[in-house]
Amino acid sequence: MPQHSAGILLYRRTPAPAVLLVHPGGPFWARRHVGAWQIPKGHVEPDEAVEDAARREVAEELGVTVTGPLEPLGMVRQAGGKSVSAFAAEQDVDTGAITSILFEIEWPPRSGRRATFPEVDAARWMPVAEARTLMLKSQLPLLDRIEPLLG
């Protein structure tokens, strides 16, 4: 059964309209730039409200508490079949101060060694035009949906 995730596309209107995207950590994404950036998101736990999961994931991946209301952006389906419920929230974040939780995997594969990586290794504010060139293809519809909020 495909997984269900939830996340938040943060935006700000000043100093210029921009959205915040994150670059996933770990060796799979290390050399990927174009088509790798995405919204902070993650798995919705059983019996967890989707909005609660979205807020939790931002806290885990950025070390930031989203305090304001969430505007539903609808759902997108990623290439692997995972559905992502997305929300928008207007909140400025200092990308230089993010802190991400860590995950552990066997690396290199079949080596028997374990390595630890951050879930998010970078976060950036960018204009929608730039985000369109860098964002994970399956999440691009979220940019169309957030543009009216940017003013």
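Any value given below was found using the heavy atoms of this structure, including those in side chains, with hydrogens, waters and symmetry copies removed. None of the values given here were measured: they were computed from a predicted structure.
V120 and M126 fall into different hydrophobic clusters, defined by Ile, Leu, Val, Met, Phe, Trp and Tyr side-chain heavy atoms under 4.5 Å apart, directly or through other members. Under the 4.5 Å side-chain heavy-atom criterion for Ile, Leu, Val, Met, Phe, Trp and Tyr, L102 and W29 are members of distinct hydrophobic clusters. There is no path of hydrophobic side-chain contacts, each under 4.5 Å, that joins M135 to V22. Linking ILVMFWY side-chain heavy atoms closer than 4.5 Å, directly or via other members, places W37 and V128 in a single hydrophobic cluster. Cluster annotation: L62 is not connected to I101 through the hydrophobic network of ILVMFWY side chains, with a link wherever side-chain heavy atoms come within less than 4.5 Å.
Here CZ of R145 is found 10.5 Å from CD of Q139. Values are rounded to the nearest 0.5 Å. Between atom CD1 of residue I146 and atom CG of residue L10 there is a gap of 8.0 Å, rounded to the nearest 0.5 Å. With rounding to the nearest 0.5 Å, the separation of CZ in F28 from CD1 in I105 is 11.0 Å. Rounding to the nearest 0.5 Å gives a distance of 4.5 Å between NE2 of H33 and CG of L134. Separating the CD atom in E104 from the OG1 atom in T116 is a distance of 4.5 Å, to the nearest 0.5 Å.
Residues forming a side chain to side chain donor-acceptor pair (under 3.5 Å) with E119 (at least two apart in sequence, or on another chain): none.
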Criterion side chain to side chain contact (heavy atoms under 4.5 Å, CB included) on H23 and R124, from CA distance to verdict: CA-CA 8 Å; H23 187 270; R124 277 188 42 205; over 6 Å; no
Test side chain to side chain contact (heavy atoms under 4.5 Å, CB included) on L21 and Q38; report intermediate values, then the result. CA-CA 5 Å; L21 297 181; Q38 51 197 277; 5.8 Å; no
H4 and H43: CA distance, side-chain angles, deciding distance, side chain to side chain contact (heavy atoms under 4.5 Å, CB included) verdict: CA-CA 6 Å; H4 183 210; H43 185 69; 5.9 Å; no
From CA spacing to verdict: side chain to side chain contact (heavy atoms under 4.5 Å, CB included), L142, V76: CA-CA 8 Å; L142 300 176; V76 293; 3.9 Å; yes
Check step by step if salt bridge (charged side-chain N to carboxylate O under 4.0 Å, His left out) holds for D92 and R13. CA-CA 9 Å; D92 202 357; R13 296 179 214 198; over 6 Å; no
Under the criterion salt bridge (charged side-chain N to carboxylate O under 4.0 Å, His left out), I'd like the reasoning laid out for E147 against R132: C-alpha separation, chi angles, the key distance, then a yes or no. CA-CA 12 Å; E147 279 189 303; R132 284 189 194 287; 3.1 Å; yes
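When atom types are taken as modelled, the side chain of E60 and the backbone of E57 share no donor-acceptor pair closer than 3.5 angstrom. Here the side chain of R55 pairs a donor or acceptor atom with the backbone of V66 at under 3.5 angstrom. Side chain of R77 to main chain of G81: a donor-acceptor pair is present (N/O by atom type, distance under 3.5 Å, no hydrogens or angles). The backbone N or O of T67 sits less than 3.5 Å from a side-chain atom of Q91, completing a donor-acceptor pair. For the pair W125 (side chain) and V93 (backbone), a donor-acceptor distance under 3.5 Å is present.
Nearest heavy atom pair, residue A123 against residue I98, reads CB-CD1, 3.8 Å. Closest non-hydrogen pair, V44 versus S5, comes out as CG2-C, 3.8 Å. Nearest heavy atoms, L140 versus A131: CD2-O, 4.4 Å. Counting all heavy atoms, side chain and backbone alike, L150 lies closest to A18 at CD2-O, 4.1 Å. Pairing each heavy atom of A53 with each of A6, the nearest pair is CB-CB, 4.1 Å.
The side-chain heavy atoms of E90 and L149, taken from C-beta on, include no pair separated by under 4.5 Å. Residues P17 and R12 form no side-chain contact, since every pair of their non-hydrogen atoms from C-beta on lies 4.5 Å or further apart. The side-chain heavy atoms of Y11 and L20, taken from C-beta on, include no pair separated by under 4.5 Å. Looking at V19 and I39, their side chains never come closer than 4.5 Å, going by heavy atoms from C-beta outward.
Salt bridge annotation for K41-E61: absent, with no cationic side-chain nitrogen under 4.0 angstrom from a carboxylate oxygen.
Each of L9, L73, L70 was checked for a side-chain contact (heavy atoms from CB on, under 4.5 Å) with F87, and the lone residue meeting it is L70.
By the 6.0 Å contact criterion, CZ on R114 is enclosed, its count of non-hydrogen atoms from other residues, nucleotides or ligands being greater than 12.
The aromatic rings of F117 and W107 sit perpendicular, their planes meeting at an angle over 60°, well past the 30° parallel limit.
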